[in-house]
Asks: 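Please find one structure pasted underneath; my questions will follow.
Reminder, nothing fancy here: chain letters follow the sequence lines and each chain counts from 1.
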Amino acid sequence: MENAIIKIRGLVKDYPMGVTYFRALKGINLDVQQGEFTGLVGPSGSGKTTLLNIIGALDNPTQGEVEVLGYQVDKLNHKQAARLRNENLGFIFQTYNLLPVYNVYENVEFPLLLLKKSADERKEAVIQALEWVGLMDKIKSRPAQLSGGECQRVAIARAMVKNPRIVLADEPTANLDAANSHHILQTMVKLNQELRTTFLFATHDDKVISYLRRAITLRDGMIAEDKIIQTT
Amino acid sequence: MIWFLLKGILRDRHRSLFPIIIVSLGVALTVLLYTWIMGIMSDMLDVSARFDTGHVKVVTPAYWEIESQVPNDLGLFKISKLQADIAARYPEYSWSPRIRYGGILDIPDEKGETRSQGPVMGLGLDLLSPGSKEVERLKIATSIMRGRMPAKAGEILITEEFARGLGVNIGETATLISATAAGGMAIQNFVVVGTVQFGLQNLDRGTMIADIRDIQYALDMEDACSELLGFQNDMVFDEADVQRIKDDFNGHWQNPVDKYAPMMLALTDQRGLGEYYAYIKSFAFIMVFIFIFAMSIVLWNTSLMSGIRRYGEIGVRLAIGESKGGIYKRMLLESVMIGVIGSVIGTAIGLLFAYYLQEVGLDISSMMRGSTMMIQSVVRAKLTPTSYYLGFIPGVIATTIGTAFSGVGVFKRQTATLFKELET
Ligand SMILES: Nc1ncnc2c1ncn2[C@@H]1O[C@H](COP(=O)(O)OP(=O)(O)OP(=O)(O)O)[C@@H](O)[C@H]1O
Ligand SMILES: [Mg+2]
């Protein structure tokens, strides 16, 4: 496919292990299109996080080519990688990783400050993002005063506020109960449909998998199965 | 962004409280020490000015060359006119002629034979004219231990210690044996009407104070004096203004080839006081550096600890796309803010104590016994314009240095493992 926003060819990732190394990814070929709602699934240790890391320009491939939004990830220096993440990528973690001293509004505002948006632009975008995740009534709360589900919704708003092209989410539901997991996934599905933001998950949670429209199964650092799921 | 960081600092007490306390303390100490030193310094300059150097002093170059020998034959003559001219040109100063002289003070018995005698340092100044500023300037009236102020010609004061040594009582006669300006022998009888003690050791040892007219008469110095002292009317030494009138005076009166034409000296040109003044000022800077150094080390550790505490936060920020340089820069910005907050608090505290010391003072006379320094026994701080900003130098620099060192850890941080770190 020509206009894939993530294009991976022959990706190999080795982790040094003393004198030898451990090969975590063993030749991955993968294309992801704009607007996908896709999950990397597979057993623990299969390389899901490793792959997400490389796509997120946080780590470098050992071999192969990784192109994200037209950028050769392995050729970016630290600063360029930071810029790519800042401008185009949203991250959602298993632990929400909100900044504890700031309230909900400020946590969501932070990425926009880094992007040097004007006060008006920031306000509009933050309120929009908080409306998406349904947290307008908790604007002034600190993370410590929120439930896990609410924290993860703030994290989603923080990832979405700059309207990124791609959201990378590593086990976003691992710390949530079923009801909250579904709420969050529905929110993300909605954003995916309304904004055409590409979502890429790493997960082995069946609840997440049930929402995916494409599931890429990794096993031992290789793609074992790549399946389009027909939604009704 | 600055407001955003400031909010973080103010809300996160772990991040701000300890550094702010350290900075405040260090800054308060810096300010206090500085004002204290300036207090000692300005006390010292003030005492010197009043008793010896004036804020400015007019002499002849010939006199000044061998000033320690008090060569009154080389002093200033026709001073009524000179003083009037000078006073007209510099009305913001008040002018007082003095004669300094040395000799022997002899105490005769009833037969006129020497009962006791000792070397004397003499000061002739305006004691008798009503409202003489000199009496007030040397705090003579309040320094009297026994007896009273001279009220008429021929009456003198001597220092208490000197009087004890000579065994002279109030009301007894003392004979000054000295040299006239013309080189002849001068012998003059005075009545000791009181004793004084200034609290200045080298003065209290053996000084007599007489009215300048008596001394002019005794030493054959009609309308002459050793030196003409000028004091700023508010009695506050203003270095810049002193320099101004000194330059003006010397441009106007001084004559490079005439060793008897009057020249003007600033307070700081005399007795090594200028060097001392410069030395004290550089001491203030050394002190600031010591505080910067000590505080930096403490704050370095503090911010290392806070860096560990904020490990997760920095991780997310890197993941979100803040560059390492950006994080480092913002950490420095935070530390500047902490430095400023701490410096404001510290300066306020320091100035408060300093103000107390300036207005009330601290009596250290018990600690000063045996010292020969020409300082007074009550230590007073002095607030100068510098004391309002000096503390900010160590305050802000130390926090910034502390963070600059500890913050380099950010650059060692690998983004490769961020996802894993942030999972836990
Ligand atoms: N920094 C590293 N150094 C060495 N080995 C690593 C490193 N990171 C990951 N690995 C190894 O690479 C393999 C893949 O790890 P990865 O974290 O990608 O798995 P995962 O699919 O995300 O597993 P999980 O579902 O448990 O999160 C594992 O065997 C892991 O031990
Ligand atoms: Mg993982």
Asks: Just wondering, are more than 12 heavy atoms of other shown residues or ligands nearer than 6.0 Å to NZ in B:K329?
Replies: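 At most 12 heavy atoms, drawn from other residues, nucleotides or ligands, come within 6.0 Å of this atom.
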Asks: Just checking B:R244: does its CZ atom have more than 12 heavy atoms from other residues, nucleotides or ligands closer to it than 6.0 angstrom?
Replies: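 Enclosed: over 12 neighbouring heavy atoms sit under 6.0 Å from CZ of B:R244.
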Asks: Between A:R142 and B:R11, does the side chain to side chain contact (heavy atoms under 4.5 Å, CB included) criterion hold? Intermediate values first, please.
Replies: CA-CA 11 Å; A:R142 300 273 187 89; B:R11 287 182 199 158; 2.9 Å; yes
Asks: Where does B:R330 contact chain A at under 4.5 Å (heavy atoms): side chain, backbone, both or neither?
Replies: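 Looking at B:R330, just its side chain touches chain A.
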Asks: What do you reckon, is CZ of B:R309 surrounded by more than 12 foreign heavy atoms closer than 6.0 Å?
Replies: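 Yes.
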Asks: Counting only non-hydrogen atoms closer than 4.5 Å, does A:Y96 touch chain B with its backbone (N, CA, C, O), its side chain (CB onward), both, or neither?
Replies: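 Neither part; nothing is under 4.5 Å.
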Asks: How about residues 332-354 of chain B versus chain A: which residues have heavy atoms under 4.5 Å apart?
Replies: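 Answer by number: none.
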Asks: So what's closer than 4.5 Å to chain B heavy atoms on A:E87: side chain, backbone, both or neither?
Replies: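 The answer is neither part of A:E87.
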Asks: Of the backbone (N, CA, C, O) and the side chain (C-beta and beyond), which part of B:L318 lies under 4.5 Å from a heavy atom of chain A, both, or neither?
Replies: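 Answer is both: backbone and side chain atoms of B:L318 are under 4.5 Å from chain A.
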Asks: With heavy-atom distances below 4.5 Å as the criterion, would you say the side chains of B:Q414 and A:L58 are in contact?
Replies: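 Not in contact.
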Asks: Looking at A:K123, I want to see if its NZ is surrounded by more than 12 non-hydrogen atoms of other residues, nucleotides or ligands under 6.0 Å.
Replies: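 Open.
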Asks: With a 4.5 angstrom heavy-atom cut-off, is it the side chain or the backbone of A:I92 that approaches chain B, or both, or neither?
Replies: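 Just the backbone, heavy atoms under 4.5 Å.
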Asks: Do you know which two heavy atoms are closest between A:H78 and B:K324, and how far apart they sit?
Replies: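 Between these two residues, the closest heavy atoms are NE2-N, 2.9 Å.
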Asks: State whether the side chain of A:Y102 and the backbone N or O of B:F4 hold a donor-acceptor pair below 3.5 Å, judged by distance alone.
Replies: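 Answer holds: yes.
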Asks: Between A:E171, A:E109, A:E106, A:R83, which shows the greatest number of heavy-atom pairs under 4.5 Å with chain B?
Replies: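 Of the candidates given, the most pairs with chain B belong to A:E106.
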Asks: When you look at OH of A:Y15, are more than 12 heavy atoms from neighbouring residues, nucleotides or ligands closer to it than 6.0 Å?
Replies: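 Correct, the count exceeds 12.
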Asks: Is it true that, when you exclude B:W300 itself, more than 12 heavy atoms of the residues, nucleotides or ligands shown sit nearer than 6.0 Å to its CH2?
Replies: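 Open: at most 12 neighbouring heavy atoms sit under 6.0 Å from CH2 of B:W300.
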Asks: Within the 4.5 Å heavy-atom criterion, are B:V316 and A:F93 side-chain neighbours or not?
Replies: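 They are in contact (side-chain heavy atoms under 4.5 Å apart), so the answer is yes.
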Asks: In this structure, are over 12 heavy atoms from other groups packed under 6.0 Å from B:D238 atom CG?
Replies: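 Yes, enclosed.
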Asks: Which one wins on heavy-atom pair count under 4.5 Å against chain B: A:D59, A:L98, A:N60?
Replies: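 The residue among A:D59, A:L98, A:N60 with the greatest pair count is A:D59.
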Asks: Under the rule for side-chain hydrogen bond (donor to acceptor under 3.5 Å, both in side chains), what residues qualify as partners of B:R317, not counting sequence neighbours?
Replies: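 Expected list: B:E313, B:E322.
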Asks: Please determine, among A:L114, A:L89, A:L99, the option with the most heavy-atom pairs under 4.5 Å with chain B.
Replies: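 Of the candidates given, the most pairs with chain B belong to A:L114.
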Asks: Determine the option with the most heavy-atom pairs under 4.5 angstrom with chain A, choosing from B:G315, B:S323, B:G312.
Replies: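 Top option by heavy-atom pairs under 4.5 Å: B:S323.
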Asks: Look up atom CZ in A:R158 and atom CD1 in B:I320, then write down how far apart they are to the nearest 0.5 Å.
Replies: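 Rounded to the nearest 0.5 Å, the CZ-CD1 separation comes out at 4.0 Å.
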Asks: Got a sec: does the OH of A:Y21 have more than 12 other heavy atoms crowding it under 6.0 Å?
Replies: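 No - once you tally the heavy atoms of other residues, nucleotides and ligands closer than 6.0 Å, there are 12 at most.
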